[in-house]
Amino acid sequence: VVLEHEAIQVTHPGVTIASQEFDRIFEPFYQIPNPSRLNSGTGLGLALVKKLVQLLGGEIQVHSVAEETTFTVTLSQDHRFSYFQGLKPT
């Protein structure tokens, strides 16, 4: 069996993201409006992850239902390390 893609999934229990927010959550500095959230981040984490995944030739998807959100990063084996091939150790 030859795998053409590899995937990494991260699931966050206890959080549901509305589907209309899926595109926006990857925008820099965007935070889902939630008045009950006392501690929140800068809104940069998912934007940085998406950019890195794109540089590696992959894609990121989000699926959210019933108090559970899952992010799936899929990388093609053909492109998975192409970004790093020209780099030399320092």
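Just so it is clear, the values below take in all heavy atoms, side chains as well, and ignore hydrogens, waters and symmetry mates. Note that the structure is a prediction, hence the values are computed from the model and not measured.
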Exercise. What distance separates Ile60 CD1 from Leu75 CG, expressed to the nearest 0.5 Å?
Worked result: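 So the gap between those two atoms works out to 10.0 Å.
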Problem set entry | From Leu46 atom CG to Gln31 atom CD, the distance as rounded to the nearest 0.5 Å |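 The CD atom of Gln31 is 11.0 Å from CG of Leu46, to the nearest 0.5 Å.
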For this session: Say whether Leu44 and Leu55 are linked into one hydrophobic cluster, either directly or through other cluster members, by side-chain heavy-atom distances under 4.5 angstrom.
Result: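 No, Leu44 does not connect to Leu55 through the hydrophobic network.
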Problem set entry | Phe26 side chain reached by Val49 side chain, heavy atoms, under 4.5 Å |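 Not touching, per the 4.5 Å side-chain cut-off.
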Exercise. Is there side-chain contact between Phe71 and Ile25, with heavy atoms separated by less than 4.5 Å?
Worked result: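 They are in contact (side-chain heavy atoms under 4.5 Å apart), so the answer is yes.
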Exercise. Which residues pass the side chain to side chain donor-acceptor pair (under 3.5 Å) test with Thr70, sequence neighbours left out?
Worked result: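 Counting only residues at least two positions away or on another chain, Thr70 forms a side chain to side chain donor-acceptor pair (under 3.5 Å) with Thr11.
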Problem set entry | Which residues share a side chain to side chain donor-acceptor pair (under 3.5 Å) with Gln9, sequence neighbours left out |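 Thr72.
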Problem set entry | Contact list for residues 52-66, test side-chain hydrogen bond (donor to acceptor under 3.5 Å, both in side chains), sequence neighbours left out |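 Of all non-adjacent pairs touching residues 52-66, those that pass side-chain hydrogen bond (donor to acceptor under 3.5 Å, both in side chains) are Glu59-Gln61, Ser64-Thr69.
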Exercise. Which pairs count as side-chain hydrogen bond (donor to acceptor under 3.5 Å, both in side chains) when at least one residue sits in residues 12-22, sequence neighbours excluded?
Worked result: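 For residues 12-22: Glu21-Tyr30.
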